[in-house]
There are 2 protein chains.
Amino acid sequence: MSEATEKRVRSRRLSGGGVKMVDVARLAGTSTQTVSRVLSRPELVADDTRKLVEQAIRELNYIPNSAARLLASSVSHIVAVIIPSLSATVYAQEVHHIVRVLEEHSFSVVIGHSDYSELREERLVQSFLERRPDGFILTGTQHTDLTRQLLRNSGVPVVETFDGDNAAMDMSVGFSNLEAGRKVAELFLSRGLTRIAYVGGRSDQDFRSNARFEGLQSRLAEAGLAPVARIELTLPMPAGDGVRGLDQVLAIDPLTQAIFFSADTLAISALLECNRRGMRVPEQLAICGFGNYDFADAIVPALTTVAVPFEQIGVLAANAILARLDGSVQGPSQTVVPLQLLRRGSA
Amino acid sequence: MSEATEKRVRSRRLSGGGVKMVDVARLAGTSTQTVSRVLSRPELVADDTRKLVEQAIRELNYIPNSAARLLASSVSHIVAVIIPSLSATVYAQEVHHIVRVLEEHSFSVVIGHSDYSELREERLVQSFLERRPDGFILTGTQHTDLTRQLLRNSGVPVVETFDGDNAAMDMSVGFSNLEAGRKVAELFLSRGLTRIAYVGGRSDQDFRSNARFEGLQSRLAEAGLAPVARIELTLPMPAGDGVRGLDQVLAIDPLTQAIFFSADTLAISALLECNRRGMRVPEQLAICGFGNYDFADAIVPALTTVAVPFEQIGVLAANAILARLDGSVQGPSQTVVPLQLLRRGSA
DNA sequence: TATTTTTGTGTTAGCGCTATCAAAAGGAGT
DNA sequence: ACTCCTTTTGATAGCGCTAACACAAAAATA
């Protein structure tokens, strides 16, 4: 921001409302301390005084300054949330519920996008720490050393989400991507399918997709099989990438019998493309998605997929922060939410 | 938060890092003012001094306290965004781009959900004002009187989004819902369809859907027609509501020839249901959606819909705030982004 | 050389609030 | 009446930073 800007901003702000606690105190005929108490611990103030103060607050349209409060009390009532991107529905869903729960407890949520980059995440953590948040909610367990160090030093409660396979820094709320992969392998095997492919995000970007692939691979290995192809798409993956993934798989092995897509959006667009091409699903090609997306059961055939309780993850993550803050829970914790394989028409 | 909580939070915070600007100044052998300058206007500091200070900052892992900065300078670098809900893709998209643009200019975004309620919006505005944001981005132009008054008093730049039909408080970035409705009516009329229904949100919740309906209705009226049905669904509307809307329309008039759905999610689930029931689209029933959702052109038949540049709205809204803050733009402004009717298979 | 201007840095006084302690007022017990 | 508590309120001193000015040193000008 330019020098001129700062000036302009300040003068605007000063000219605006500008009612302070002293003004309220004066009008109510009390000290600022009493006003402060009415706001934060009204039970300590006599009823008559409290009403007087509340009246003055209303009359003056007084709005407390949270910066001054934070400075004096070191409580910000802010929770910082960093996700890869809000344009992926799963994260938007998660954040929705985080915001919902935290709003009820009068915490504000600040949001940042890591864009699937640890380095961007690090920068965000650094910048968010300036606001002295009371909690951090991150995605995944992959972070730079500096990120870890900064968070540890700050002493802020941290929840890592979406990864139930790896050790967390502090608290974690996730699901087992490994298990998801194994479940899908299990399903394909039970149908006697052997030529199985995987389509997911680039392995250097999408660590949780890697775990799903590993789960798939390990279960196949136990049956003496190996995936016929693994396609890596650059993040973020628009729905249309599903068709590209499908084509790449078929280019590698035209006789592929089953594909596990790391996201329902990909699976759905691939499935619809199969319909258009007259490729029969699941007879000719079985398709399994991940996430139980909105339209997964509306299309024909309905999409077989792994249901993940993303909303629940958001709620639990928010609650984990709250529980730590009010002291009802002390140490680290790891919560793993259950997955459900939804067997429908496509596999 | 309980009394015990506050104590715990404070003691945690005090024990944490706790490096302040004086510590940096001491180590660098300068005054705090010089450190402050290195952070905010490094060009004013001699190269040697600057390096010394930067070194000290790194060595101590110093992280500035934005609350103290705000208190002293009245610039928060926060923009508050209030949307109905993050679980609706359109708003998630918008917010994604708001966050993206503002992050680049080192602004933080705090998010709140109005849940389609003016009263909740009012409460959020009140609570966000405590953080002294440098800007507000709201959804729609429908607000309580107190909301307007608070915002006006605060002097903060405000952008209202998604509504290009009504007058804005300050700045606005939206599209004409009215025009959208008229465009769709035009399309149906050009196909010779006369029995036309509308499915959207409840009229006391979804004001922008109301405008779309009015557009539809007014254009039909010009042709001497009237909608055969208007279905109002309670928000938020999950995709499955599309089928309910479809059923309600057919219950009122089984001979309905065309339906305009106020959101693609509804239209898509209705269209897929028609396929399942063997109802031919568009011959038997034409369907038009709104929003050009992800899978709109992947289904069969492809969904005819109104494309709205939601991303662009996010970008423009963020830029409007930034432009106002750096003084390059002064007064109120209204930006109306263009809509595009995408004629595809379903209508 | 004397004088002005520019550049770089330090000093001081808050920003608006809360923690902490002090103290006054009222009530209960002896 | 007296002490001892409880309840309620106020005075004071920061929280960590920056704006505004003051001032010294260096550079430019006369």
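Lettering follows sequence order; numbering is per chain, from 1. Everything numeric in this text was worked out from a predicted model, so none of it was measured.
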When you measure from the side chain of [X], which nucleotide among [options] comes out closest?
X	options	answer
A:Arg69	D:dC17, C:dT9, C:dT18	C:dT18
A:Ala72	C:dC17, D:dG16, C:dT11	C:dC17
B:Lys20	D:dG16, C:dT9, C:dG16	D:dG16
A:Tyr62	C:dC17, C:dT11, C:dT18	C:dC17
A:Ser31	D:dG10, D:dC17, C:dT9	D:dG10

[X] side-chain N/O to [N] phosphate OP1/OP2 under 4.0 Å:
X	N	answer
A:Ser73	C:dT18	no
A:Ser36	C:dT18	yes
B:Thr34	C:dG10	yes

In whole Å, what is the span from the [atom1] atom of [X] to the [atom2] atom of [N]?
X	N	atom1	atom2	answer
B:Leu52	C:dG10	CG	C1'	16 Å
B:Met21	D:dA19	CE	P	10 Å
A:Asp23	C:dC15	CG	C1'	14 Å
A:Lys51	D:dT9	NZ	P	13 Å
A:Leu39	C:dC17	CG	P	9 Å
B:Asn65	D:dG14	CG	C1'	14 Å
B:Arg41	C:dG8	CZ	C1'	13 Å
B:Gln33	C:dG14	CD	C1'	13 Å

Exercise for review: For B:Ser40, report the nucleic acid contact type (base, sugar-phosphate, nothing); a contact means any heavy atom under 4.0 Å.
Suggested key: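 Since no nucleic acid heavy atom lies under 4.0 Å of B:Ser40, the category is nothing.
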Practice item. Let me know, please, whether B:Leu44 or A:Pro64 comes out on the 5' side of the other along DNA chain C by nearest nucleotide. Key: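 Comparing both residues, the 5'-ward one is B:Leu44.
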Review point. Starting at the 5' end of DNA chain C, which residue's closest nucleotide do you reach first, B:Leu71 or B:Gly29?
Key: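 Whichever sits nearer the 5' end wins; that is B:Gly29.
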Point to revise | Gap separating the CG atom of A:Leu138 from the CG atom of A:Asp163, nearest 0.5 angstrom | key: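 Reported to 0.5 Å precision, the distance equals 12.0 Å.
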Check your understanding: In Å, rounded to the nearest 0.5 Å, how long is the span from CZ of A:Arg152 to CG of A:Asp170?
Key ->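 Going from the CZ atom of A:Arg152 to the CG atom of A:Asp170 covers 10.5 Å.
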Check your understanding: Is any NZ, NE, NH1 or NH2 atom of the basic residue among B:Asp23 and B:Arg26 found under 4.0 Å from an Asp or Glu carboxylate oxygen of the other?
Key ->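 Yes, B:Asp23 and B:Arg26 are salt-bridged.
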Practice item. Kindly indicate whether the side chain of A:Arg132 and the base of D:dG16 share any N or O donor-acceptor pair separated by less than 3.5 Å? Key: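 Result: no qualifying N/O pair found.
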Exercise for review: State whether the distance check finds a donor on one side and an acceptor on the other, under 3.5 Å, for side chain A:Arg37 versus base D:dG10.
Suggested key: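 Result: at least one qualifying N/O pair found.
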Point to revise | Aromatic contact, A:Phe162 with A:Phe310 (centres under 6.0 Å) | key: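 Distance test on ring centres: under 6.0 Å, yes.
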Check your understanding: Any idea which heavy atoms bring A:Arg132 and B:Ile63 closest together, and the distance?
Key ->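 Nearest pair, atom of A:Arg132 first, then B:Ile63: NH2-O, 2.8 Å.
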Exercise for review: Could you walk me through whether A:Ser108 and A:His77 pass side chain to side chain contact (heavy atoms under 4.5 Å, CB included), step by step?
Suggested key: CA-CA 6 Å; A:Ser108 297; A:His77 274 221; over 6 Å; no
